[in-house]
**Student:** 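Quick one: structure below, then a few questions.
Each chain gets a letter, A, B and so on, in the order its sequence line appears, and its residues count up from 1. Because only heavy atoms are used, hydrogens play no part in the values below, and waters and symmetry mates are left out as well, while side chains stay in.
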2 protein chains.
Amino acid sequence: MTRPLISLAALLALAAPSFAQEASPAPPSPAEIVDQAPADEWFAIPPEDLLVMTLAPAADGSERKVVIQLMPAPFSQGWVENIRTLARANWYDGISVNRVQDNYVVQWGDPNYDNPEADGPAKPLPEGLQVPNSDAVISTPYTLSVDEDLFPITWTDAGRHEFGSTYGSANIPWPDARNPVRITGPYASSYSFNSGFPFALGFPFGLQFRIAPTKPMIAWPVHCYGMVGVGRGMSPDTGTGAELYTVIGHAPRHLDRNIALVGRVVEGMEHLSSLPRGKGQLGFYEDEAMRTPILTVRVAADLPASERPSFEYLATDGASFARYAEARANRRDPFFIVPAGGADICNIPVPVRRTGSE
Amino acid sequence: MTRPLISLAALLALAAPSFAQEASPAPPSPAEIVDQAPADEWFAIPPEDLLVMTLAPAADGSERKVVIQLMPAPFSQGWVENIRTLARANWYDGISVNRVQDNYVVQWGDPNYDNPEADGPAKPLPEGLQVPNSDAVISTPYTLSVDEDLFPITWTDAGRHEFGSTYGSANIPWPDARNPVRITGPYASSYSFNSGFPFALGFPFGLQFRIAPTKPMIAWPVHCYGMVGVGRGMSPDTGTGAELYTVIGHAPRHLDRNIALVGRVVEGMEHLSSLPRGKGQLGFYEDEAMRTPILTVRVAADLPASERPSFEYLATDGASFARYAEARANRRDPFFIVPAGGADICNIPVPVRRTGSE
């Protein structure tokens with residue numbers, strides 16, 4: 001028997017960001033703000049930047065597809081290009097998910113790679129892969145376009161305390177009608193006063209200003225839930241992109257600037273996050289029958305139009321995103337008693353929606 | 001065929017906090033610090049504070065037990081006492097996991113409770129439940145014992161900027177040999193300057209000082225991965241404890257001070273976090289056959305000694321915890337390139353270990 005089970009109390013108790021609330025007479029919920037965003041604030045994700053990973057069917061025979069958005073330039077482009085090369089060589093076809101560690105990561109790759117107990121030799125890599133260096137992991141020079149009407153961050157030294165004085169934490173003052181949200185955190189940097197966590201190009205980043213108020217700054221993508229990164233050995237090895245992982249728990253931000261992030265899962269995350277946890281060290285499967293086979297990984301641009309998924313994201317420098325972030329930080333839904341007054345960058349997920357070839 | 005699959009590169013690439021590193025000539029890893037903690041820094045969890053929840057066996061017939069530690073006094077005791085009453089009335093036996101929402105929560109309770117499409121009437125609750133009010137959700141007056149050698153937080157107004165000047169963010173200065181870790185975040189409060197995130201009684205808390213440097217302050221437990229909370233309807237209803245949830249994704253800190261937290265999962269979290277995600281609104285299962293039955297929930301103190309699990313946690317006001325937190329914030333394992341210089345409170349999980357009746 002199939003029917004919806006919706007407990008009213010439960011619905012109200014834990015209302016989620018992805019569902020609009022019933023009856024909100026006063027300020028709109030985060031989901032309502034996203035729903036009302038004008039079309040020109042939604043940006044299409046280029047099909048060159050979408051990967052479609054097809055896992056073996058589930059136990060009940062249902063299809064399992066995971067769609068990954070690759071990181072836009074100028075970030076992590078060495079690995080991103082390698083990943084396209086690997087996908088176009090069909091190299092990923094036949095590898096598997098080998099590791100599922102609770103509250104940490106799901107990792108996939110060649111199970112015989114660099115494994116002393118492997119059944120056979122590692123799968124040869126295709127020609128033409130780049131060897132990015134660790135500078136590109138740590139940070140990327142970047143000029144952030146700040147709309148000062150939306151995020152009027154004070155760059156000046158005099159504004160330093162206002163902005164967040166101590167050791168890498170950035171507080172956009174709150175409450176202040178001109179400042180829609182306060183974003184702060186401990187991870188930006190321990191080497192700079194003026195550091196923050198903005199959104200740009202549809203992704204969340206950590207920032208560091210070498211000497212305020214100069215621009216450009218350096219920036220790096222951050223390890224939020226669903227972000228995809230590149231497994232590697234000891235530095236200066238930075239990995240090729242043949243072994244990848246995604247975050248399935250609380251943001252492991254100590255990995256920021258230590259491993260290259262190359263994108264995020266935009267659909268099908270549940271096919272990875274609900275896999276059985278491995279019982280071996282670090283969540284590797286001790287029983288190789290537990291591994292989930294990966295049938296194919298394709299660049300969406302290479303698929304026939306009828307099979308090509310398309311997605312768009314809400315512009316992170318637009319008015320709707322600013323309102324959305326503010327509402328995430330200050331829930332005014334009737335259920336809430338005390339608004340938080342702030343939000344962790346990983347608790348402001350960038351809205352992404354499917355637009356075609358369901 | 002069952003054999004360990006441990007890829008060396010993968011091991012190094014994503015070394016987890018719960019496993020000691022091979023060969024660390026220099027500073028110990030967080031896991032090594034925990035392993036080396038003296039016995040007198042480990043505190044036993046009272047068997048009255050442990051719940052053993054037995055789910056129906058997995059598809060392969062294996063047992064699924066989840067152990068929950070209830071919140072210590074003075075926090076959330078109205079609900080905690082209700083939960084013991086419900087468990088001792090065997091009320092939880094036969095309810096089910098009804099909701100699994102990716103990157104959010106797993107929720108369990110009576111599927112017919114407050115459900116317009118229920119198959120039958122709601123299960124009657126036992127006598128003697130308390131009706132806690134929302135003041136107890138929002139915060140609890142608490143006198144924190146701060147060891148100033150470990151966490152020499154400056155309470156004075158002059159020290160306010162040093163401590164974190166802006167809007168609820170608390171920065172314990174870093175680096176400074178006297179200050180082992182910098183803990184900060186946006187969620188403490190928007191109503192007070194001096195607010196922070198300490199650990200106490202083995203749990204993480206948010207704090208608010210009404211007027212620095214007075215004590216006591218008010219404190220509230222925070223929504224980290226694995227924390228257990230009480231489903232409720234609209235305020236002032238605060239729930240009874242008959243419907244519970246646990247966090248299976250990035251910390252949903254906007255729920256802090258809005259829902260009562262009553263404990264955390266200390267073992268068997270993977271049996272909840274890896275459940276298939278519900279396809280209905282908010283992750284409720286549309287197909288009731290997807291619900292996971294809960295066979296029994298027992299207070300550990302009521303179990304025969306041979307079946308009674310026992311656990312202990314690392315004292316959160318001890319020297320080892322301070323070193324552990326510092327090492328979590330500044331990974332010096334050979335793998336790491338750039339230490340974060342800080343850590344989110346939910347990325348410093350309190351070490352808990354089993355001590356008996358495996």
**Student:** Which residues pass the side-chain hydrogen bond (donor to acceptor under 3.5 Å, both in side chains) test with A:Ser96, sequence neighbours left out?
**Tutor:** A:Asn98
**Student:** Calculate, to the nearest 0.5 Å, the distance between atoms CZ and CE belonging to A:Phe336 and B:Met234 respectively.
**Tutor:** 10.5 Å
**Student:** Can you sort out the partners of A:Arg64 under salt bridge (charged side-chain N to carboxylate O under 4.0 Å, His left out), two or more places apart, ordered by chain and number?
**Tutor:** none
**Student:** Answer yes or no on whether B:Arg232 is positioned over the face of A:Phe335, meaning its NZ or CZ is under 6.0 Å from the six-membered ring centre and within 45° of the axis.
**Tutor:**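 Verdict for A:Phe335: a cation-pi partner in B:Arg232.
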**Student:** Which residue out of A:Ile337, A:Asn258, A:Leu275 racks up the most heavy-atom pairs below 4.5 Å with chain B?
**Tutor:** A:Asn258
**Student:** What orientation do B:His250 and A:His250 show, parallel under 30°, tilted 30 to 60°, or perpendicular over 60°?
**Tutor:**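 Taking A:His250 first and then B:His250, their aromatic rings lie parallel (interplane angle under 30°).
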**Student:** Looking at B:Asn347 and A:His254, what are the two nearest heavy atoms and their distance?
**Tutor:**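 B:Asn347 and A:His254 have their closest heavy atoms at ND2-ND1, 3.4 Å.
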**Student:** Hey, could you give me the CD/NZ distance between B:Glu270 and A:Lys279, rounded to the nearest 0.5 Å?
**Tutor:**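 That separation rounds to 7.0 Å.
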**Student:** For residues B:Pro276 and A:Ser274, report the shortest heavy-atom separation together with the two atoms involved.
**Tutor:**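 Minimum heavy-atom separation between B:Pro276 and A:Ser274: CA-CB, 4.4 Å.
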**Student:** Any side-chain heavy atom of A:Val338 within less than 4.5 Å of one from B:Trp220?
**Tutor:**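 A side-chain contact under 4.5 Å is absent here.
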**Student:** Drop me the distance from A:Tyr225's OH to B:Tyr225's OH, to the nearest 0.5 angstrom.
**Tutor:** 8.0 Å
**Student:** Tell me which of these, A:Gly249, A:Ser273, A:Ser235, has more heavy-atom pairs under 4.5 Å with chain B than the rest.
**Tutor:** A:Ser273
